[in-house]
Amino acid sequence: GAVVSQHPSRVICKSGTSVKIECRSLDFQATTMFWYRQFPKKSLMLMATSNEGSKATYEQGVEKDKFLINHASLTLSTLTVTSAHPEDSSFYICSVGGRMVGEQFFGPGTRLTVL
Amino acid sequence: ELKVEQNPLFLSMQEGKNYTIYCNYSTTSDRLYWYRQDPGKSLESLFVLLSNGAVKQEGRLMASLDTKARLSTLHITAAVHDLSATYFCAVEETSGSRLTFGEGTQLTVNP
């Protein structure tokens with residue numbers, strides 16, 4: 001299956017700063033990537049669908065100006081949390097759809113802590 | 001809006017016992033996935049169920065899908081401590097679309 005990496009794996013930042021998280025599909029050209037957020041002891045919630053070469057599709061309630069997504073190539077999507085606040089602290093996971101029906105591969109996740 | 005519900009949310013069981021986790025969903029779909037998540041880690045794919053009546057087994061875990069009842073089950077046979085984790089089901093409404101996850105079932109297998 002596809003190998004998906006995320007960078008960084010863990011980041012701590014001060015309130016008000018911006019943080020960029022990278023999601024890379026290492027062996028597969030992904031036209032679509034998904035970004036999820038998971039709060040402690042909770043389920044995964046889809047934030048947005050990242051489409052290569054076009055604007056991301058955001059889920060209801062997710063601020064597109066706060067969570068900037070760029071999918072500039074078939075192997076890289078980035079999520080930038082702008083002006084981060086403590087309530088943005090969460091585990092952010094990206095996923096990539098595979099070639100076969102039903103395949104979806106998840107990255108290892110990025111734990112963001114905003115102080 | 002698609003809703004996915006898991007039952008139970010917390011499960012504590014003894015080694016050697018059997019148990020079933022249930023996943024109900026609210027709209028028509030024939031694509032359902034089961035994942036495992038260990039603390040602090042991302043998701044590990046367990047099963048992909050793509051048709052009514054699909055049954056898949058891997059080790060002590062067996063998953064099934066009944067699209068008419070909008071129900072999937074994850075059956076655990078003779079549980080061992082290593083199975084302790086959180087298990088999520090997720091439903092895909094249409095091919096290639098996003099996944100909607102259940103709340104997760106936190107399984108603890110006690111010696």
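Just so we're on the same page: letters track the sequence lines, and every chain starts at 1.
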Same apolar cluster: Leu74(B) and Tyr19(B), side chain cutoff 4.5 Å: yes
Partner chain B: residue of Ser95(A), Gly109(A), Ser9(A), Gly107(A) with the largest heavy-atom pair count (under 4.5 Å): Gly107(A)
Interface residue of largest heavy-atom contact number with chain A, from Leu43(B), Leu49(B), Thr100(B), under 4.5 Å: Leu43(B)
Leu44(A) portion near chain B, given a 4.5 angstrom heavy-atom threshold: both
Gln38(A) and Gln37(B): side chain donor to acceptor below 3.5 Å: yes
From CZ (Arg31(B)) to CD (Gln104(A)), nearest 0.5 Å: 12.0 Å
Under 3.5 Å: donor-acceptor pair, side chain of Ser43(A), backbone of Gly102(B): yes
Heavy-atom contact with chain B under 4.5 Å, split by part of Gln6(A): neither
Path from Val91(B) to Leu46(A) over hydrophobic side-chain contacts below 4.5 Å: no
Cluster overlap Val48(B) with Leu46(B), hydrophobic side-chain contacts below 4.5 Å: no
Nearest-0.5 Å distance that lies between atom CZ in Phe91(A) and atom OG in Ser42(B): 5.5 Å
Gln106(B) versus chain A, the contacting section by heavy-atom distance below 4.5 Å: side chain
Hphob cluster co-occupancy, Ile21(B) + Tyr25(B), side-chain heavy atoms under 4.5 angstrom: yes
